[in-house]
Amino acid sequence: MPELPEVETQRRSLEKALQKRKITEINISTPKIFMGGVSKFSKNLLNQRILKIDRKGKFLIFRLENEKILVSHFRMTGHFLLNKKGEFDEQKYIRARFVLDNGWELLYQDIRKFGRFWIGEEDAVLRESGIVQLGNEPFAQSLTLEKFLENLKKHKGIIKPLLLNQKFIAGIGNIYADEALFLAKIHPKSRVENLNKKEKTALYHAILKVIEQGIRNRGTTIGEYVDAENKQGSNQNHLMAYRRGNKPCLVCGATMRRIVVAQRGTTFCPKCQKLKKRSLT
DNA sequence: AGCACTTCCTGATAGC
DNA sequence: TGCTATCAGGAAGTGC
């Protein structure tokens, strides 16, 4: 599922291909994905050039000539495909098609239709999409170790759902949450208030490491994720925890366990990631 | 505030 | 082979 590294991988190839391109035609086959109605998209997007593409957490932000913004969120199975020479004409589950002034097409493919688009004035779209509520990016200048520790102190409860909470930190999903907790040797059901400073510090560095590695490997492809050229990422070959239930821990050899935390499948090593009841420091 | 549960959606997989 | 049930999960909504 697309998390920060997958969305960033898409952003990089899209920005290269779409910068200064004008959208000349829009064809939407699944209107429910387009918040505010299809006509709002035609009105704000037709004959506009794309100036820049930013990313905030798992959201992409397309900045347009008319100072409006187009925002997309892939949720579970969404992604864009750059249809340069008709090579993706036969792809299934295309929910929208944006024709560009150089003859290329930007396709939005999404099996489960969970993805969402917003368009309009920047302030309104940032609010409606939920982008304003996002927490820091893992690589934000302002998210120093000290700031991360301070943010953790504001919360109580189980650590894994907090990592998945986009208001706490933006961009982490189920894959990178399991990976970061494994690297930091923290049990996914540990309570934040029971973690000591050493563990919290390890978690900070683990988050940066797994996200950086995910981007470097152009994303994790499990199921359907591909980049805008329909190419798979390679980070699935480097995962140490996610979906490795009943497999040997790559650090200690113990059998990895699969449990459910926050309604999500969660894999951890019972030997490396012990559940502590109370902080020792 | 935290946490569980439900909803959306459809391909993949398991069981018979 | 073919049917049916279950699972996967990001994020919003509901309710305690």
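These values consider heavy atoms only, across backbone and side chains, with no hydrogens, waters or symmetry-generated copies. Chain letters run A, B, ... following the sequence lines, proteins first, then strands; residues in each count from 1. What you are looking at is a predicted structure, and each value in this text was computed from that prediction instead of being measured.
- If you chain together ILVMFWY residues whose side-chain heavy atoms come under 4.5 Å of each other, V99(A) ends up in a group of its own.
- Scored by the side-chain hydrogen bond (donor to acceptor under 3.5 Å, both in side chains) test, E25(A) finds no partners at all (sequence neighbours excluded).
- Contact annotation for Y93(A): backbone-only contact, meaning every heavy-atom pair under 4.0 Å involves sugar-phosphate atoms and none involves a base.
- Less than 4.0 Å separates DNA chain C from at least one heavy atom of each of the following residues of residues 111-121 of chain A: R112(A), F114(A).
- Listed by chain and number, the residues in a side chain to side chain contact (heavy atoms under 4.5 Å, CB included) with R11(A) are E8(A), E15(A), I53(A), R55(A), L60(A) (sequence neighbours excluded).
- Heavy-atom contacts of chain A under 4.0 Å fall on DNA chain B between two terminal nucleotides, which in 5' to 3' order are dG2(B) to dG11(B).
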Kindly give the atom pairs (protein nitrogen or oxygen, nucleotide nitrogen or oxygen) under 3.5 Å for nucleotides 12-16 of chain C.
none

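- By the side-chain hydrogen bond (donor to acceptor under 3.5 Å, both in side chains) test, Q109(A) pairs with H79(A), Q91(A), sequence neighbours left out.
- Residues that satisfy the side chain to side chain contact (heavy atoms under 4.5 Å, CB included) test with R75(A), not counting sequence neighbours, are H73(A), F114(A), R116(A).
- Within residues 237-247 of chain A, the residues having any heavy atom under 4.0 Å from DNA chain C are, by residue number, Y242(A), R243(A).
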query = How does DNA chain B look in dot-bracket notation if pairs are Watson-Crick or G-U with both distances under 3.5 Å, crossing ones as [ ], other-strand ones as |?
reply = .|||||||||||||||

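- Under the rule for a side chain to side chain contact (heavy atoms under 4.5 Å, CB included), the partners of P161(A) that lie at least two apart in sequence or sit in another chain are I158(A), V261(A), A262(A).
- Residues that satisfy the side-chain hydrogen bond (donor to acceptor under 3.5 Å, both in side chains) test with R63(A), not counting sequence neighbours, are D54(A), E122(A).
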